[in-house]
Amino acid sequence: MNQKMKRIRQIFVALVLIAAVEGFSSCEKYSFPQPAVDPNATWHLQADIQPIFNSNCITCHGGIQSPDLRSGKSYLALTKGGFVKSPGESSILYHQITTNTDHIPRTTSAEKLKILYWISQGALNN
Ligand code: HEC
C-alpha cells in the first residue's frame with residue numbers, strides 16, 4: 001500500500017473512533033443518572049415521602065386498602081399499624097417495596113432509599 005493510501009486509512013480510522021466516542025457520550029446525556037440519596041440528610045414525611053405515596057400508592061392505598069397512604073392519613077396508618085418500626089431494613093413498609101413483586105416497580109431505587117432513611121431516622125411526622 002502506498003504512503004497516501006495509508007494516510008487516508010489512518011484518517012478514516014480516526015474519524016470512526018471519534019464518531020464512536022461522540023455516540024457514547026451523547027447517549028450519556030439521555031441516561032439521567034439518579035442523584036445520590038444522602039443517608040445523613042434529614043428526610044421529611046411531608047416534603048420527601050408523601051409525594052412518593054401520592055404519585056405511586058394512593059390509587060390503591062386510598063382508604064380501603066391498608067395502610068391508608070393519603071396525605072394527612074399516612075403517618076397514623078403507618079405508625080399505628082407497625083409498618084415503620086426500626087430497623088428500617090426489616091420494617092414492613094420497606095420490605096413491601098423491595099421484595100413484593102407487585103410493589104417493587106412502583107418506586108425508583110432513589111425513592112426506596114428515601115423511604116428507608118426516613119424510617120431509620122425514626123419515621124417522624126415531620
Ligand atoms: C395496584 C394497587 C397497589 C398499589 C399501587 C400499591 N399497593 Fe400496596 N398493596 C396492595 C395490595 C392489594 C396489598 C395487600 C396484599 C399484598 O400484601 O400484596 C398491598 C399491601 C401493602 C402493604 C402491606 C400491608 C400489610 O398489611 O402488610 C404495604 C406496606 C404497602 N402495600 C405499601 C405500598 C406502597 C408504599 C405503595 C406505593 C409505593 C403501594 N403499596 C402501592 C396494592 C397496591
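As the structure lists them, so they are numbered: ligands from 1, and atoms in each ligand from 1. Here the structure is a predicted model, which means the values were calculated and not measured.
Atom 8 (Fe) of ligand 1 has an N, O or S atom of H61 under 2.8 Å away, backbone or side chain. Contact annotation: C57 places no N, O or S atom under 2.8 Å from atom 8 (Fe) of ligand 1.
By the definition of a contact as any protein heavy atom under 4.0 Å away, atom 12 (C) of ligand 1 is in contact.
Atom NZ of K112 has more than 12 heavy atoms from other residues, nucleotides or ligands within 6.0 Å.
Checking K85 against S91 by side-chain atom types alone, no donor-acceptor pair falls below 3.5 Å. In summary, the side chains of S74 and Q50 do present a donor paired with an acceptor at a separation below 3.5 Å, with no hydrogens or angles considered.
With a 4.0 Å heavy-atom cut-off, ligand 1 is reached by the side chain of L69 but not by its N, CA, C or O.
Of the protein's non-hydrogen atoms, F83 CE2, 3.7 Å is the one closest to atom 27 (O) of ligand 1. At the shortest separation from atom 15 (C) of ligand 1 among protein heavy atoms lies Q65 NE2, 4.7 Å. Of the protein's non-hydrogen atoms, the one nearest atom 3 (C) of ligand 1 is C60 SG, 2.6 Å.
Between H103 and ligand 1, an N or O atom pair is found at a separation short of 3.5 Å.
For the side-chain contact (heavy atoms from CB on, under 4.5 Å) with N56, the qualifying choice from L69, I97, T107 is T107, the only one to do so.
Nearest heavy atom pair, residue S66 against residue F83, reads OG-CZ, 3.8 Å. Closest non-hydrogen pair, Q96 versus N100, comes out as OE1-ND2, 2.8 Å.
Judged by distance alone, with hydrogens and angles left aside, the side-chain atoms of N125 form no donor-acceptor pair with the main-chain N or O of L45 at under 3.5 Å. Within the 3.5 Å criterion, the main-chain N or O of W118 finds no donor-acceptor partner in the side chain of Q121.
Those atoms of ligand 1 that come under 4.0 Å of a heavy atom in T59, given as number and element, are 5 (C). Atoms of ligand 1 found under 4.0 Å from any heavy atom of T107 (numbered from 1 in listed order, with element): 38 (C). Heavy-atom contacts of S66 reach the following atoms of ligand 1: 24 (C) (cutoff under 4.0 Å). Which parts of ligand 1 touch I97 is read off a 4.0 Å heavy-atom cut-off, strictly below it: atoms 35 (C).
The shortest distance between side-chain heavy atoms of I52 and I115 falls below 4.5 Å.
Here the shortest heavy-atom distance to atom 18 (O) of ligand 1, taken over I104, N100, I92, belongs to N100. Of the candidates R106, Q96, H95, it is Q96 that places a heavy atom closest to atom 23 (C) of ligand 1.
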